[in-house]
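Take a look at the structure set out below.
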Amino acid sequence: MSLQRNDQELRRLEELEELERLGINVFPYSFNKTISNKEIQTNFRDEDPSPFANVSVAGRIMTIRTMGKATFCDIRDESDKIQIYFKQNDLPDFYDKLKLLDIGDIIGVEGFVFRTRMGEITVHAKKVEILCKSLRVLPTPKEEIDEEGNKIVYDAFADVEQRYRKRYLDLIVNHHIRDTFKKRAKIITEMRHYFDSRGWLEVETPILQPLYGGATARPFITHHNALDIDLYLRIADELYLKRLIVGGFEGVYEISKNFRNEGMDRMHNPEFTSMEIYVAYKDYNWMMDMTEDLLITIAKKVNGTEILEYDGKEIKLEKPFRRAKMYDLLLEYTGMNLRNLSRDELYSAAKKLNVEIDEKAGAMKILDEIFSVKVQPNLIQPTFMIDYPVEMSPLAKKHRTEDGIVERFELFIAGFEVANAFSELNDPRDQRQRLEEQALLRAGGDEEAMVVDEDFLYALEVGMPPTAGLGIGIDRLVMLLTGEKSIRDVLFFPQMRPEKSKT
RNA sequence: GAUCCCGUAGCUCAGGGGUAGAGCAUCUGACUUUUAAUCAGAGGGCCGUAGGUUCAAUUCCUACCGGGAUCACCA
């Protein structure tokens, strides 16, 4: 921890000490803020300023303009900016202390609201309190509105690394980014509301798991000292939620973090938020209807429209979403029928399609690769891809009429996966066989294959009703509804490589 | 892991083999309705680190360090 301070920071420390010498508590305990900046900005009327004859505002100083015996500054609170007018005659005790204030300090101001000659709604200060002295220099972007009303930003705080590492600075300086996070909160609230109003129960299941399951991914491993056992941070909560359906709940859902020890890019963060829901007596057809309705409801509540714009493309969330079988989509975009092909036939098909494949890849891996290169980028409008090969989906129920296929869908929007769902496998014999096949893959070196969870199998043997399950990647849904291109822009604190001390 | 790009003042960036540049921020002075305030002045830099080429390197070369993007990995 370096305590080296630059000249500007040293000067701020000196100012702080000077204020303390003058008997001012630079870090007081509270302030009676009576109104938000936004309320003033939206409700002030020149005809009748009386409701604002005595307001107390507070916020962080963003700019200071001193003109001798008068000073203007802009302060920002959570809601908006407002200008403060300090006049020497009106602040005999405080005015000379203004020079000890800096951009970044937090102040509280009592005064009356008026409009300046330049038309700016402003608080004329009668009393000023310092609420916090800032010892670090803020990045200092400047904004200007040109004649066409366009906002021009100078010296933007735009370095993505610094923005992610020091998100608090990003939030202060790039005030608008908070809109994304407000929207994120609203999306989750609306989702909860949708589920709760249908009587489904929000639950919490273990994050520390003795066995990990419910998805194919490498886990994070940790250690419990008292029990002296390794535990895994969950990669999914699926198997626990199904145990609750076995226990007699008919609708359970959980919104929480999963952890996957894999690569990071604009669609992946090692910890991410997912929602999983299980509803008894339903199948994947019902779940598709519900998913459509859920997403359209949320989009309308959050954006006021079911039309999205993402990456320059207009996307309509309109019932019904397209439903297409996996092999039909593959045929559509590759011109090849890939069903019932052997591993080697799939491999040569991939070669023909110029899809690069690892020599050792198995049949499902090849199929997945062809899909993600040739099909997925084209699925811009909402598309349920349905009916996957059984080998790809160890927890999904076999298709009621088609051999070798399971009842599963994934929802693609804007070319990325938003949701994944099955008619849940509830035949314990079939489930055991599939998990044992996974265990074989695992023994063969596939680190992502699932492990056999005997207690889960026990629960299935006790009996789980027919059930439909759905998982939605919340981060990706937020990206879709906010237009953000990187998962890092919808997470306050995305995972970053640790900062190493520079040589 | 591969490829490409970046590293110069507190911030955003320009420059270029010969004393290091701008705007903002900071400091001093002027200014009692300014708003990218303005005006006059000032301070602030191991030009990421190390080595090489050179009379001379912040600049060219190499390596390293730090970071980013794309790809690979990863539903």
Side-chain angles (χ1 to χ4, degrees), chain A residues 4-12 14-15 62-74 81-91 95 99 102-104 114-122 124 135-146 151-165 169 173 215-218 235-236 258 260-270 272 274 356-358 361 364-365 367-369 371-372 376 385 388 392-393 408 410-412 416-420 447-448 471 473 476 485-486 488 496-503:
Chain A
Q4 282 197 334
R5 294 189 180 276
N6 64 40
D7 57 334
Q8 294 191 38
E9 291 165 346
L10 287 171
R11 193 189 47 72
R12 283 172 180 237
E14 283 162 17
E15 285 171 349
M62 301 308 288
T63 63
I64 303 176
R65 296 177 291 281
T66 305
M67 315 178 48
K69 298 185 179 64
T71 296
F72 291 87
C73 81
D74 295 329
K81 274 204 297 203
I82 195 144
Q83 178 168 266
I84 310 292
Y85 175 52
F86 305 93
K87 194 172 164 185
Q88 188 177 46
N89 299 1
D90 292 342
L91 296 163
Y95 196 83
K99 64 177 189 296
D102 290 294
I103 290 171
F114 73 111
R115 189 185 292 273
T116 66
R117 239 187 286 174
M118 303 300 286
E120 178 106 7
I121 294 169
T122 300
H124 186 128
L135 295 180
R136 294 282 186 179
V137 183
L138 287 181
T140 52
K142 295 280 177 176
E143 287 176 7
E144 186 187 29
I145 313 287
D146 69 11
K151 191 188 275 186
I152 304 171
V153 180
Y154 301 87
D155 297 344
F157 179 57
D159 181 320
V160 286
E161 185 204 344
Q162 288 308 315
R163 287 186 46 224
Y164 297 146
R165 284 195 197 281
L169 290 181
V173 166
T216 52
R218 279 184 284 174
I235 57 172
N258 289 339
R260 297 188 184 175
N261 206 339
E262 290 165 352
M264 296 155 55
D265 59 31
R266 81 154 58 92
M267 301 302 288
H268 298 87
N269 194 65
F272 62 99
S274 78
E356 248 179 82
I357 300 286
D358 184 356
M364 289 308 114
K365 179 80 199 148
L367 206 56
D368 198 27
E369 198 56 38
F371 169 77
S372 55
Q376 189 172 334
M385 182 163 84
Y388 289 61
M392 269 181 157
S393 315
R408 171 181 181 185
E410 288 184 306
L411 173 60
F412 292 90
F416 58 85
E417 180 197 342
V418 174
N420 181 22
E447 287 182 78
E448 284 144 25
R476 291 180 183 181
K485 304 294 180 301
S486 168
R488 289 178 160 191
M496 302 289 286
R497 194 182 299 274
E499 239 175 336
K500 293 181 185 162
S501 58
K502 291 178 183 177
T503 47

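Proteins get letters first, then strands, A, B, ... in listed order; numbering begins at 1 in each.
Shown here, B:C27 forms a base pair with B:G41; the pair counts as Watson-Crick or G-U wobble because both key distances fall under 3.5 Å. Base pairing of B:U34: no nucleotide in any strand meets the Watson-Crick or G-U wobble criterion (both distances under 3.5 Å). Both distances falling under 3.5 Å, in either a Watson-Crick or a G-U wobble arrangement, occur for no nucleotide opposite B:A57. B:A63 is paired with B:U49 under the criterion used here, namely a Watson-Crick or G-U wobble arrangement in which both key atom distances are under 3.5 Å. The nucleotide B:U3 finds its pairing partner in B:A69, both defining distances of the Watson-Crick or G-U wobble pair being shorter than 3.5 Å.
Between the C1' atom of B:C73 and the NZ atom of A:K365 lies a distance of 8 Å, rounded to the nearest Å. One can place CD1 of A:I103 at 9 Å from P of B:A37, the figure rounded to the nearest angstrom. Rounding to whole angstrom units, OH of residue A:Y85 and P of B:A37 are separated by 17 Å. Taking atom CG on A:L138 and atom P on B:U26, their separation rounds to 11 Å, with Å as the unit. For A:R266 and B:C74, the CZ to P distance is 19 Å, given to the nearest whole Å. Distance, A:R218 CZ to B:A75 C1': 14 Å, rounded to whole Å. Atom CD1 of A:I235 is separated from atom P of B:A75 by 9 Å (rounded to the nearest Å). At whole-Å resolution of the value, CZ in A:R65 and P in B:U35 are 8 Å apart.
Distance noted for atom C1' between B:G23 and B:G18: 27 Å (whole Å). Rounded to whole Å, the P atom of B:A30 lies 41 Å from the corresponding atom of B:G16. Taking atom P on both nucleotides, B:U54 is separated from B:G10 by 35 Å, rounded to a whole Å.
Residue contacts for A:S372: at a heavy-atom cut-off of 4.0 Å it reaches no nucleic acid atom on any strand shown. As judged by a 4.0 angstrom heavy-atom cut-off over every strand, A:Q8 is placed among the base-contacting residues. In this structure, A:E14 reaches neither bases nor backbone, as no heavy-atom distance under 4.0 Å exists between it and the strands shown. Among the heavy atoms of the strands, none lies under 4.0 Å from A:M267. Among the heavy atoms of the strands, none lies under 4.0 Å from A:D74.
Among the nucleotides B:C27, B:U33, B:A75, the one closest to any side-chain atom of A:R117 is B:U33. When distances run from any side-chain atom of A:F72 to the nucleotides B:U33, B:A69, B:C31, the shortest one goes to B:U33. Distances from the side chain of A:E369 to the nucleotides B:U34, B:C73, B:U32 place B:C73 closest. You'll find that the side chain of A:R488 is closest to B:A69, out of B:U34, B:A75, B:A69. You'll find that the side chain of A:D265 is closest to B:C74, out of B:U32, B:A75, B:C74.
Side-chain atoms of A:N261 and base atoms of B:C74 include no donor and acceptor less than 3.5 Å apart. A donor and an acceptor atom sit less than 3.5 Å apart, one in the side chain of A:N89 and one in the base of B:U32. For A:Q88 against B:U32, a side-chain-to-base donor-acceptor contact under 3.5 Å is absent. Between the side chain of A:T116 and the base of B:U34 there is at least one donor-acceptor pair of N/O atoms closer than 3.5 Å. Side chain A:Q83 to base B:U34: a donor-acceptor pair is found below 3.5 Å.
The two residues A:T216 and A:E262 come nearest to each other via the heavy atoms O-OE2, 4.3 Å. Pairing each heavy atom of A:I121 with each of A:I82, the nearest pair is O-CG1, 4.0 Å. The two residues A:R11 and A:D102 make their nearest non-hydrogen contact at NH2-OD1, 3.1 Å. Here the closest heavy-atom approach between residue A:F272 and residue A:N269 is recorded as CD2-O, 3.7 Å.
Taking the six-membered ring where the residue is Trp, the centroids of A:Y388 and A:F371 are separated by 6.0 Å or more.
A donor-acceptor contact shorter than 3.5 Å links the side chain of A:R260 to the backbone of A:I235. Without hydrogens or angle criteria, A:R12 side chain to A:R136 main chain gives a donor-acceptor distance under 3.5 Å.
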Open item on the list: As a quick check of understanding, evaluate side chain to side chain contact (heavy atoms under 4.5 Å, CB included) for A:K69 and A:N89, giving each step before the final call.
Closed with: CA-CA 8 Å; A:K69 298 185 179 64; A:N89 299 1; 5.7 Å; no
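Between A:R260 and the phosphate of B:C74, there is no side-chain N or O to OP1/OP2 separation shorter than 4.0 Å. Distances shorter than 4.0 Å separate none of the side-chain N or O atoms of A:T63 from OP1 or OP2 on B:U35.
Both A:F114 and A:H268 sit near RNA chain B, but only A:F114 has its closest nucleotide nearer the 5' end.
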